[in-house]
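These notes concern the structure reproduced below.
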Amino acid sequence: MAATTDLRTPLIRPSQIILTVNDGYSQSGTPTNQDSIRMATLDDIEDELMRTQENPYGAIGSGGFEADGSTTVDPFRNQTPKIEGVYEWVKMLVILPIALVRLVLFGLCLLIGYVATKFALHGWKDKQNPMPKWRCRVMWITRFTGRGILFSFGYHWINRKGKPAPREVAPILVSNHVSYIDPIFFFYELSPTIVASESHDSMPFVGTIIRAMQVIYVNRFSYQSRKHAVNEIKRKASSNKFPRVLLFPEGTTTNGRQLISFQLGAFLPGYPIQPVVIRYPHVHFDQSWGHITVPKLMFRMFMQFHNFMEVEYLPVMTPSQHHKESAARFAERTGIAMASALNVVQTSHSFADYALLLRAAEAGQKSLSPFMVEMTKIQKLCHLTSAEAVDLLDRFLAMNPDISGCVKMQDFMSILRLKPSTLSEQIFGFIDADKNGTITFKEFLVASAHILKLPVFQRACEVAFSESDENKDHYISIQEFGGSASPAIPNLSMSEIQTLFNLFDADGDGKISKDDFMTCLRRNPLLIALFLHHFMDKDLTAETGLDEMV
């Protein structure tokens, strides 16, 4: 093991390598296959690599990685996406006239609420301060229309357990999030200030109403937006002049059969919190907003005799004052209390998993569970952002995964523009943690993140570019690129070099800038293996200032 992590131990003895590089161009200036870059060695370079480097990333400090098997739990799946059974079809025929009346009631309530809200908002410009009392009184009209909307959806009565604590005692509420019915109920019940995605502002009718609730908008993919949202939560929770603040810490809807990981926005201010749990008991129709469109979900709700909803207010939870409890620990305690009340488990899925699920569904994947990887675990382990995970998913989906969500070696090499070789097999074998001849998205994600986040990865990319740029003009030509890649994969033809070169030459200008090179390796970190021979005589740890490699 020591030999594989010592950067000063050559993988291949330099004396064994003899490079012969033709210019790769005919007299007319076009690339020719017969003038491809060739390499001769005293010993077969592939046998040498096999003997000395079973782990192709040992030279940059990788000792391998572990990827737990993908979970089969799907916390976002609606259990009744289709209308099935004689009972359901007969019931829909019977209830059709009632559903038409409900539809009229829904439209009327929505219209009255919208008009009342527009009137309450008219001329109000100082939205950083609490809404004036007369405007709040007008909003009572909208609150009552909210109850009418719930009635039209079949929620004729709602079972409640416990009571909301006074605003002075618990300025923040947190609840599990199962359906779009949740915020309608809370609006009618408590008229809180909610934290919502920026995209909700543009929704017809709904956008106007949530603006009247002095909503705190957040873009989950923007650090600055999340930071601003936390400051706003703290500012509004600290003043009794504002309504209490309501957050759905899961960040998205689930099917109610699990809790997923909590975002920390509600817990960072350190104020007392009252957890609330919502249940939708059912037999024939799952009301959760899972893999189902809003119009279809609304239609199914209209076609039920009655929809059941239970709301339970749990005891107020206060952060520990003895040790200045962290937001993560406070969120964990709250999650345990809510999961216990719901009699479910809390998984390591997150909103990022839902984003991955949507991307896989858009790509036409039928089985979506393999593309949810419990991102909370992955982010803690690999420090990977949601955007990076989505980008890696796009790379994986381009590999044409089969019906089970697995990719074979041939498709893997095709996307990374690799030809069959010892190195290609070693890279694939490195990812294939369970050694079954295929790779899952989770294996590809964790392997890529593992390499990307190695302490010397950035420095290794810089060295690879510098060594490949032989004439030091800050660009890598196709001849220089071929000379740099050929020791790793011998006997590359000119067309194979061109194909691989095009992957790095993102702007298509016929040369690879440092920015092109670094961007490509950040998107495809596994390709750093092509340039590991450049690190044989370099101590990257010393140059990065690290005492030792991890």
* Would you check if there is a donor-acceptor pair between the side chains of S261 and T376 at a distance under 3.5 Å? => yes
* Looking at W134, does the NZ or CZ of R137 lie under 6.0 angstrom from its six-membered ring centre and within 45 degrees of the ring axis? -> no
* **Between Q287 and Y155: side-chain donor-acceptor atoms closer than 3.5 Å** => yes
* Determine yes or no for a side-chain-to-main-chain donor-acceptor pair under 3.5 angstrom, with T193 supplying the side chain and M213 the backbone. => yes
Do any side-chain atoms of residues 84-96 form donor-acceptor pairs under 3.5 angstrom with protein atoms, and if so which ones, sequence neighbours left out?
from	atom 1	to	atom 2	distance (Å)
E88	OE2	K91	NZ	2.6
K91	NZ	Q304	OE1	2.7

* Asked: Could you go step by step and tell me if I260 and M375 meet the side chain to side chain contact (heavy atoms under 4.5 Å, CB included) rule?
  -> CA-CA 10 Å; I260 63 173; M375 274 298 294; over 6 Å; no
* Asked: Taking 4.0 angstrom as the limit, do E312 and R160 come out as a salt bridge?
  -> no
* Asked: Do the side chain of R77 and the main chain of T254 share a donor and acceptor less than 3.5 angstrom apart?
  -> no
* Contact check, side chains of I336 and E332, non-hydrogen atoms, under 4.5 Å -> yes
* Structure fact -> salt bridge (charged side-chain N to carboxylate O under 4.0 Å, His left out) filter on D394, not counting sequence neighbours, yields R359
* Please work out which of the three classes, parallel, tilted or perpendicular, describes the rings of Y354 and F76, given edges at 30° and 60°. => tilted
* **Polar contact flag, side-chain donor to acceptor under 3.5 angstrom, R211-T208** => yes
* Examine the side chains of T142 and T117 and answer whether a donor and an acceptor come within less than 3.5 Å of each other. => yes
* To do: Indicate the ring-plane relationship of F248 and H177, choosing parallel, tilted or perpendicular according to the 30° and 60° boundaries.
  => parallel
* Can D353 and K377 be counted as an ion pair, charged N to O under 4.0 angstrom? -> no
* Measure the spacing between CZ of F144 and CD1 of I112 and express it to the nearest 0.5 Å. => 13.0 Å
* **I149 and Y188, any side-chain heavy atoms less than 4.5 Å apart** => no
* Asked: Under a 4.0 Å N-O cut-off, is there an ion pair linking E388 with K453?
  -> yes
